[in-house]
Amino acid sequence: MVDGPLALPFYPQALPGRFLTLPELPLDSGQVLRDVRIAFTTHGVLAADKSNAILICHALTGDQYVLDTHPITGKTGWWSTLVGPCKPIDPQRHFIICANVIGGCMGSTGPRDLDPATGRPYGLTFPVITIADMVRAQAALVDWLGIDQLAAVVGGSMGGMQVLQWAAAYPHRVRAAVPIATATRHSAQNIAFHEVGRQAIMADPDWRGGAYLEAGTRPERGLAVARMAAHITYLSEPALQRKFGRTLQNRANLSFGFDADFQVESYLRHQGRSFVERFDANAYLYITRAMDYFDLAAEHGSVAAAFRGTRTRFCVVSFTSDWLFPTVESRQLVRALTAVAADVSFCEIATDRGHDAFLLEEPELEAVLRGFLNGRDRSRGAS
Amino acid sequence: MTAAVTTGRTGRVDLDLILDLVEPSARVLDVGCGDGLLLEALVDGRGCEGRGLELSQAGVNMSVARGLSVIQGDADTDLADFPDQSFDYAILSQTLQATREPRTVLRELVRIGRHAIVSLPNFGYWRVRWSLLATGRMPVTTALPQSWFDTPNIHLCTIQDFLDLALLEGLVVERAVAFDAGGRRRDIRSQRLANIFGQQAVFLLRR
């Protein structure tokens, strides 16, 4: 265990937070990852009976800085809408754990790291990882922290997939599970969008077959395009219309060229540019792949079978305008949980902000999460 | 709400009677749980393990925010998801008359719960009868407050109608209680009298 800041090769700067190294991690692919570093943050104090630990799982481009200022962007923690003093997940009451997923690029072992076998960056020699592999690494971290049972595991989007994997793989270790804006498997449409992003990265000549670190290049254009395409899927048509409409960017007339005439174009270009400053292109390939491979029913025979006999309390949340992980997919999960007599709540929240709503100020989401985590039945609540 | 928390009572005679019918610490499914008033009293006052099904998303979100386990769903279509005998009690309060297929819903309740508790407004109540007789128009009373064109109640019945259905389904009526407009309870010994003087009724049933 190391307390940061930790300087790592190929990183723009030293990373604050904590770092645990596991000697090895067996992967679903059959390969074994050696010297696996898990970058994580903790907030709050673990109760003497260790009953107040909440694990937060981040989404595709998220990281462990759920509450702290981000070391690269300088922005406040990515979930400070729900996590923080007097928020539903509260460091004054809970011991909050958030770890960067393996395969990621914010300190946990991923394709940007040096392969201990060769001393060279992994690049595409990094093994393909799965959501279950990410969760296996988190379980090892939770073990190391001396925590047997988590009061709750909470996450949105890919974080929600990890929540479901936790509840399916370690039912006795999860008292409450909050999968938000997620699904039990990645849909064909979502795989298709991911493939567009990956192809954009691989089509960038600076990608160099994945070996860009050694070549000293960065596939920034490809990664930016991947981000721009993905970003559209996180919003909704009404939200884009409300925010931008057809408003022109710093001009009174159309340019009759291919500048960013429209505000929405300028906005997307900005999203792409700022993303490449903090994210690694190969990590984007690996993490999107892990999401594509996620399919609880394929692994267990059916979604219901994945949760048979569970004692975990579930609170499933979806958003009306989310077309990436639409409510119908959450409802299928709820039906499966109902069929195995699980303790499940299901809230669909009305908003026009699309998939990204889980990261934004949504008072109803906050109220629902607070109510669920506190619980009416005190013996089984998370506080 | 606070009344329910502190006394385990809801302030509604039909709901309070349901509370009395439920054994402490039972597993309870409240179908059509609204904003969770009864469920909260069951969990807080009776130590039950309570779950709810509610049609309105606003009701669901309000209930979950109050710490109750509730999912959005329709009694007519979504009870099929629940496994057999997975609850001690399946409760349907003031909702049967608003379902599309009351007979199927009743079957589902006794399939899911070891006991079913059903409460409903009595269309045989004397004021209802009188209102129809005297005015020649669909009755509007305190128990049936909406006009015919606004009401969600598409399958109204009388106490005797419901008992006939229970008989038809071969159900055991373990307890039947009617109460008048003043909230006074009377156990249904004389069906004929209860069907006249009962404004609402609560039934405890099993297969």
Side-chain angles (χ1 to χ4, degrees), chain A residues 88 152 175-178 180 302-304 307-320 327-328 330-351 362-383, chain B residues 1 4-5 8 25-31 33 35-74 77-88 90 108 111-114:
Chain A
R175 267 210 308 288
V178 189
I180 303 171
S302 69
V303 177
F307 298 112
R308 189 154 286 137
T310 185
R311 297 287 300 156
T312 303
R313 297 169 62 229
F314 289 83
C315 183
V316 180
V317 181
S318 72
F319 299 97
T320 49
T327 289
V328 61
S330 286
R331 200 176 284 283
Q332 285 162 5
L333 167 64
V334 170
R335 294 182 88 114
L337 288 167
T338 299
V340 296
D343 183 338
V344 53
S345 292
F346 169 48
C347 295
E348 184 190 36
I349 291 168
T351 172
E362 287 285 347
E364 206 167 7
L365 173 62
E366 186 179 332
V368 158
L369 184 63
R370 189 187 299 277
F372 174 75
L373 289 179
N374 288 344
R376 186 57 50 193
D377 182 348
R378 294 285 161 197
S379 61
R380 305 194 311 143
S383 345
Chain B
M1 312 294 141
V5 174
S25 307
R27 265 178 71 82
V28 179
L29 175 65
D30 186 3
V31 181
C33 65
D35 63 3
L37 178 64
L38 173 64
L39 206 52
E40 187 174 75
L42 284 163
V43 172
D44 283 354
R46 308 289 287 169
C48 290
E49 190 181 328
R51 303 251 331 263
L53 182 75
E54 167 58 29
L55 190 58
S56 112
Q57 193 60 59
V60 173
N61 295 6
M62 206 180 298
S63 298
V64 176
R66 285 161 69 173
L68 301 165
S69 294
V70 177
I71 62 175
Q72 195 274 331
D74 185 337
T77 52
D78 296 324
L79 289 178
D81 295 335
F82 291 87
D84 295 356
Q85 306 285 289
S86 48
F87 289 90
D88 297 315
E108 288 289 62
R111 177 187 65 78
I112 295 165
R114 292 198 298 112

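Interface residue B/Val70: only backbone heavy atoms are found under 4.5 Å from chain A. Within the 4.5 angstrom heavy-atom criterion, only side-chain atoms of A/Val334, from C-beta onward, approach chain B. With a 4.5 angstrom heavy-atom cutoff, B/Gln57 touches chain A only via side-chain atoms. With a threshold of 4.5 angstrom between heavy atoms, A/Glu364 approaches chain B through side-chain atoms but not through N, CA, C or O.
With a 4.5 Å cut-off on side-chain heavy atoms, B/Glu40 and B/Arg66 count as touching.
Qualifying side chain to side chain contact (heavy atoms under 4.5 Å, CB included) partners for A/Gln332, counting only residues two or more places apart in sequence or in other chains: A/Val328.
Side chains of B/Ser63 and B/Glu54: no donor on one and acceptor on the other come within 3.5 Å.
Within 6.0 Å of atom CZ in A/Arg370, more than 12 heavy atoms from other residues, nucleotides or ligands are found, so the atom counts as buried in its surroundings.
The structure places SG of A/Cys347 at 10.0 Å from CG of A/Leu369, a figure rounded to the nearest 0.5 Å.
Highest contact tally toward chain B, considering only A/Ile349, A/Val344, A/Val317, A/Val340, is held by A/Val344 [criterion: heavy-atom pairs under 4.5 Å].
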